[in-house]
Trainee: 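Got a structure for you, written out below as structure tokens; questions coming shortly.
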Amino acid sequence: MAINVDKKKCSGCGLCVESCPFGAITVKPREETGDSHPRFEKIAVINEACTFCGACVDACPLDAITITSQVKKPAVDLKEYNGLWVFAEQVDGEIQEVSFELLGKGSELAKKRGCELSAVLFGFFGKSFGKSSGKSSGKNVKDKAKDLIAHGADKVYVLEDKALMNFMDEPYTDALSYMIDEFKPEIILMGATTIGRAFASRVAARIFTGLTADCTELDIDPSSKILLQTRPDFGVNIMSTILTEHHRPQMATVRHKVFSPLDKDTSRDGEIIEVEYPGELSSRTELIESINDDTIKVNLTDADIIVSGGRGLGKPENFKLIRELADQLGAAVGASRAAVDADWIPYSHQVGQTGRTVGPKVYFAIGISGAIQHQVGMRSSDIIVAINKDPHAAIFNIADYGIVGDLFDVVPALIKELKK
Ligand code: FAD
Ligand code: SF4
Ligand code: SF4
């Protein structure tokens, strides 16, 4: 990409400076830039902080700014692409809940688009984790595929290969890129999980299409039938709806718990299609060991109750209060980024924009101010309980129950009552 300010057109008015969210534009005297103009003494200069977002192009009243793509994109016949795919993510042979949620949303979108809903399942089933020899039993994979059909898929494409047993970037990217070329789906939805994030972007780059990460809403435009991909932008200050108009497939990732799965219906019929990869799938990296985070007793994203602690705890030892309360409630332990950044608790507990999105029945925010980046990860919780000594803390704006007080008084009192 390249951005250019037309020296003849720019009047140096500075309107673009305010429009740039990255502070990439300054207006300078032309003589400083070795340039001159019969009427305009100043000119806009754009520096390397530019992300080519395009905001200044729209802001300039004189059409003086242009962005050009230096990469020639291959032309695509949009009519060749048909159907909505959900990538069914499996870990240790178990389909992840986010895939069922995407099938739930996918079935609504497929109806609006008037197309089939398919799931794509990679793996090597019937074998225990870490053992990459032997043959798949076949039974297990059929059960998984039937489960996907029971959750809304009309078809399930299954590609079984030893190289796909555990997630690895290269073979997964090769396999999905091949399948896209072969079957030409119009839309692909994937979980915004560690796996989905790593691999959706690789696939999108490989097949030269767009990818909208972390969507919070998806819809089909009634007239153009294009996928409307909505996500928070610019530090969650605005919601953007993004369209992939000229390339296919349209690809989006969605976090866990944003959409709901359909009720499982084992009477649903569907087709299971076994796909053969033409050639050998391989990886330059090797999975040596997978280590579980022993600090997690209850899985954060699946928990009905979450007790989260923030910087208000003051020091790492005080997280024991959070753990004690969580134990009493059978809850998972969460944290703000401030607590994670301070090394008080591992990253796997972080809730928020750069952590996990959770939607429990009850969410306790203890010693957490409620910054917008924290809120986006937990505000869809059914009930939010905030404990904070500052009555003006932002968390109280979204809390259903607010306790203004010192957490070192309130939390022990709660634990005492619960123990009774
Ligand atoms: P603070 O904001 O310092 O709040 C501590 C709170 O504790 C205060 O409200 C204080 O009144 C209260 N308190 C202090 N002592 C007591 C006491 N004894 N009793 C009761 N209350 C007490 N943050 C996230 O959480 N998750 C994210 O994913 C995330 N992603 C980010 C991404 C980006 C790009 C950026 C820029 C920021 C991100 N942040 C994220 C950081 C976020 O902006 C905040 O800095 C962070 O959430 C603050 O954490 P906190 O509420 O624990 O700390
Ligand atoms: Fe004004 Fe456009 Fe020049 Fe920016 S680029 S200073 S908006 S004329
Ligand atoms: Fe700033 Fe975006 Fe314009 Fe680049 S394209 S100068 S980031 S407004």
Side-chain angles (χ1 to χ4, degrees), residues 1-28 30 37 39-68 214 232-237 255 308-315 318-319 321-322 334-342 344-345 347 349-358 364-379 386-396 402-412:
M1 301 278 262
I3 188 160
N4 182 51
V5 178
D6 189 324
K7 290 177 184 170
K8 287 187 188 144
K9 287 185 181 172
C10 177
S11 68
C13 69
L15 283 174
C16 54
V17 175
E18 284 164 35
S19 75
C20 178
F22 301 97
I25 313 179
T26 40
V27 170
K28 293 190 174 172
R30 284 187 185 246
H37 192 285
R39 283 188 296 143
F40 306 134
E41 286 177 5
K42 292 181 177 173
I43 186 166
V45 176
I46 299 176
N47 65 33
E48 62 284 352
C50 173
T51 63
F52 306 104
C53 71
C56 59
V57 175
D58 295 335
C60 175
L62 302 178
D63 292 332
I65 306 180
T66 46
I67 295 177
T68 48
D214 280 357
D233 237 327
F234 292 121
V236 205
N237 291 319
R255 288 190 187 194
S308 279
R311 189 158 25 210
L313 286 164
K315 52 184 177 179
N318 291 335
F319 249 96
L321 264 183
I322 300 293
S336 71
R337 177 161 153 179
V340 171
D341 284 351
W344 296 353
I345 185 160
Y347 167 73
H349 294 263
Q350 185 179 315
V351 173
Q353 187 188 343
T354 41
R356 287 172 199 254
T357 304
V358 296
F364 286 83
I366 302 176
I368 292 177
S369 58
I372 188 73
Q373 295 89 352
H374 188 80
Q375 286 189 25
V376 289
M378 46 65 78
R379 66 181 166 202
I387 302 171
N388 198 303
K389 68 179 182 187
D390 174 7
H392 304 293
I395 195 75
F396 289 128
I403 303 171
V404 180
D406 190 321
L407 71 91
F408 297 105
D409 297 330
V410 178
V411 177

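Remember, it's 1-based here, ligands and their atoms both numbered in the order they're listed. Residue numbers run from 1 in the order of the sequence given.
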Trainee: What closest approach, in Å, do Y347 and G355 show between heavy atoms, and which atom pair accounts for it?
Mentor: OH-CA, 3.7 Å
Trainee: Output the list of atoms in ligand 1 that are nearer than 4.0 Å to some heavy atom of F408, sorted by atom number.
Mentor: 18 (N)
Trainee: If you define the side chain from C-beta out and look only at heavy atoms, does anything of S336 sit under 4.5 Å from V351?
Mentor: no
Trainee: Out of D406, D390, N388, whose heavy atom is nearest to atom 10 (C) of ligand 1?
Mentor: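 Checking each option, the heavy atom nearest atom 10 (C) of ligand 1 is found in N388.
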Trainee: To check your reading of the model: name the closest protein heavy atom to atom 4 (Fe) of ligand 3, its residue, and the distance in Å.
Mentor: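 Atom 4 (Fe) of ligand 3 sits closest to the protein heavy atom C50 SG, 2.4 Å.
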Trainee: Taking side chain as C-beta onward, heavy atoms only, is T26 less than 4.5 Å from V17?
Mentor: no
Trainee: Given the rule in the side chain to side chain contact (heavy atoms under 4.5 Å, CB included) test, do H374 and I368 qualify, once you have shown the distances and angles that lead to the verdict?
Mentor: CA-CA 9 Å; H374 188 80; I368 292 177; 3.8 Å; yes
Trainee: Taking non-hydrogen atoms only, is I3 closer than 4.0 angstrom to ligand 3 via side chain, backbone, both or neither?
Mentor: side chain
Trainee: Would you mind checking which non-hydrogen protein atom is closest to atom 1 (Fe) of ligand 3, with the distance to 0.1 Å?
Mentor: C20 SG, 2.3 Å
Trainee: Return the minimal non-hydrogen interatomic distance between S19 and A55, and the atom names on each side.
Mentor: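 Result for this residue pair: O-CB, 3.7 Å.
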Trainee: Show the atoms of ligand 1 that are less than 4.0 angstrom away from any heavy atom in G352.
Mentor: 26 (N), 27 (C), 28 (O)
Trainee: Distance under 4.0 Å to a non-hydrogen atom of G405: what atoms of ligand 1 satisfy this?
Mentor: 19 (N), 20 (C)
Trainee: Salt bridge or not between D63 and K9? Use side-chain N to carboxylate O under 4.0 Å.
Mentor: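 The answer is no: the pair does not qualify as a salt bridge.
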Trainee: Quick one: look up the protein heavy atom nearest atom 32 (C) of ligand 1 and list residue, atom name and how far away it is.
Mentor: R337 NH1, 3.1 Å
Trainee: May I ask you to identify the nearest protein heavy atom to atom 3 (O) of ligand 1, giving residue, atom name and distance to one decimal place in Å?
Mentor: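 Residue, atom and distance for the closest contact: R311 NE, 2.8 Å.
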Trainee: Could you identify the single nearest non-hydrogen protein atom to atom 3 (Fe) of ligand 2 and state the distance to 0.1 Å?
Mentor: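 Checking every protein heavy atom, the shortest distance to atom 3 (Fe) of ligand 2 gives C10 SG, 2.4 Å.
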Trainee: Got an N, O or S from C53 under 2.8 Å of atom 2 (Fe) of ligand 3?
Mentor: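 C53 does place an N, O or S atom closer than 2.8 Å to atom 2 (Fe) of ligand 3.
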Trainee: Show which atoms of ligand 2 fall inside a sub-4.0 Å distance from at least one heavy-atom site of C60.
Mentor: 2 (Fe), 5 (S), 7 (S), 8 (S)
Trainee: So which heavy atom in the protein is nearest atom 8 (S) of ligand 3, and how far is it from that ligand atom?
Mentor: C56 N, 3.4 Å
Trainee: Going by the order shown, which atoms of ligand 1 are within less than 4.0 Å of some heavy atom of A371?
Mentor: 42 (C), 43 (O), 44 (C), 47 (O)
Trainee: Indicate yes or no: does an N/O atom of A339 lie under 3.5 Å from an N/O atom of ligand 1?
Mentor: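 N/O-N/O distance under 3.5 Å: no.
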Trainee: Between NZ of K42 and NE2 of H37, what distance do you get to the nearest 0.5 Å?
Mentor: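 If I round to the nearest 0.5 Å, the distance is 15.0 Å.
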Trainee: For atom 39 (N) of ligand 1, what is the nearest protein heavy atom, given as residue, atom name and distance?
Mentor: Q373 CB, 3.6 Å
Trainee: Using non-hydrogen atoms of the residue, decide whether A335 is closer than 4.0 angstrom to ligand 1.
Mentor: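 No, A335 has no heavy atoms under 4.0 Å from ligand 1.
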Trainee: How close does the nearest protein non-hydrogen atom get to atom 50 (P) of ligand 1, and which residue and atom is it?
Mentor: S336 OG, 3.5 Å
Trainee: Could you tell me the residue and atom name of the protein heavy atom closest to atom 5 (C) of ligand 1, and the distance to it rounded to 0.1 Å?
Mentor: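 The protein heavy atom lying closest is G367 O, 3.4 Å.
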Trainee: Take L407 and K389 through the side chain to side chain contact (heavy atoms under 4.5 Å, CB included) test and state the conclusion after the steps.
Mentor: CA-CA 7 Å; L407 71 91; K389 68 179 182 187; over 6 Å; no
Trainee: With a 4.0 Å cut-off on heavy atoms, is G12 touching ligand 2?
Mentor: yes
Trainee: Specify the protein heavy atom at minimum distance from atom 6 (S) of ligand 2: its residue, its atom name, and the distance to 0.1 Å.
Mentor: G14 N, 3.2 Å
Trainee: What protein heavy atom is closest to atom 21 (N) of ligand 1, reported as residue, atom name and distance in Å?
Mentor: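 Minimum-distance protein heavy atom for atom 21 (N) of ligand 1 reads K389 N, 3.1 Å.
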Trainee: Find all atoms of ligand 1 within a distance of less than 4.0 Å from any non-hydrogen atom belonging to Q350, and give their numbers and elements.
Mentor: 26 (N), 27 (C), 28 (O), 29 (C)
Trainee: Got a second to check how far R255's CZ is from R356's CZ, nearest 0.5 Å?
Mentor: 10.0 Å
Trainee: Going by the order shown, which atoms of ligand 1 are within less than 4.0 Å of some heavy atom of G310?
Mentor: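 In order of number, 52 (O).
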Trainee: At a 4.0 Å threshold, what atoms of ligand 1 neighbour a non-hydrogen atom of G355?
Mentor: 28 (O)
Trainee: Rounded to the nearest 0.5 Å, what separates atom OG in S369 from atom CZ in F396?
Mentor: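 Here the interatomic distance stands at 11.0 Å.
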Trainee: Return a yes/no value for L407: is any of its N or O atoms, backbone included, closer than 3.5 angstrom to an N or O of ligand 1?
Mentor: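 Min N/O separation from ligand 1 is below 3.5 Å for L407.
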Trainee: Heavy-atom contacts with V351 under 4.0 Å: which atoms of ligand 1 show up? List them by number with element.
Mentor: 24 (C), 25 (O), 26 (N), 27 (C), 28 (O)
Trainee: Passes side chain to side chain contact (heavy atoms under 4.5 Å, CB included), I3 versus C56? Steps please.
Mentor: CA-CA 10 Å; I3 188 160; C56 59; 3.9 Å; yes
Trainee: Any protein heavy atom at under 4.0 Å, with atom 45 (O) of ligand 1 as the reference point?
Mentor: no
Trainee: Of G377, S369, G334, which has the heavy atom at the shortest distance from atom 2 (O) of ligand 1?
Mentor: S369
Trainee: Check the pair C10, R30 against side chain to side chain contact (heavy atoms under 4.5 Å, CB included), reporting the backbone distance first and the verdict last.
Mentor: CA-CA 11 Å; C10 177; R30 284 187 185 246; 4.1 Å; yes
Trainee: Taking 4.0 angstrom as the limit and counting only heavy atoms of S11, give me the atoms of ligand 2 inside it, by number and element.
Mentor: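 Close to S11: 3 (Fe), 8 (S).
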Trainee: Measure from atom 1 (Fe) of ligand 2 to each N, O or S atom of C13 and report whether any distance is below 2.8 Å.
Mentor: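 Yes - counting backbone and side chain alike, C13 has an N, O or S atom under 2.8 Å.
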Trainee: I'd like to check which ligand 2 atoms, numbered from 1 as shown, lie under 4.0 Å from a non-hydrogen atom of C16.
Mentor: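 That gives atoms 4 (Fe), 5 (S), 6 (S), 7 (S) of ligand 2.
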Trainee: Which of the numbered atoms in ligand 2 are under 4.0 angstrom from any heavy atom belonging to I65?
Mentor: 5 (S)
Trainee: Which protein non-hydrogen atom lies closest to atom 29 (C) of ligand 1, naming both residue and atom, and how far is it?
Mentor: T354 OG1, 3.4 Å
Trainee: To the nearest 0.1 Å, how far is atom 5 (S) of ligand 3 from its closest protein heavy atom, and which atom is that?
Mentor: G54 N, 3.3 Å
Trainee: Hey, does V411 have a side-chain heavy atom less than 4.5 Å from the side chain of I366?
Mentor: yes
Trainee: Rounded to the nearest 0.5 Å, what separates atom SG in C60 from atom CG in L15?
Mentor: 8.0 Å
Trainee: Heavy-atom contacts under 4.0 Å between V17 and ligand 2: side chain, backbone, both, or neither?
Mentor: neither
Trainee: Please write down residue, atom name and distance for the protein heavy atom closest to atom 13 (N) of ligand 1.
Mentor: G312 CA, 3.6 Å
Trainee: How close do A335 and I345 get, counting heavy atoms only, and between which atoms?
Mentor: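 Closest approach of A335 to I345, heavy atoms only: CB-CG2, 3.5 Å.
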Trainee: Are the side chains of I322 and F364 in touch, meaning some heavy atoms are under 4.5 Å apart?
Mentor: no
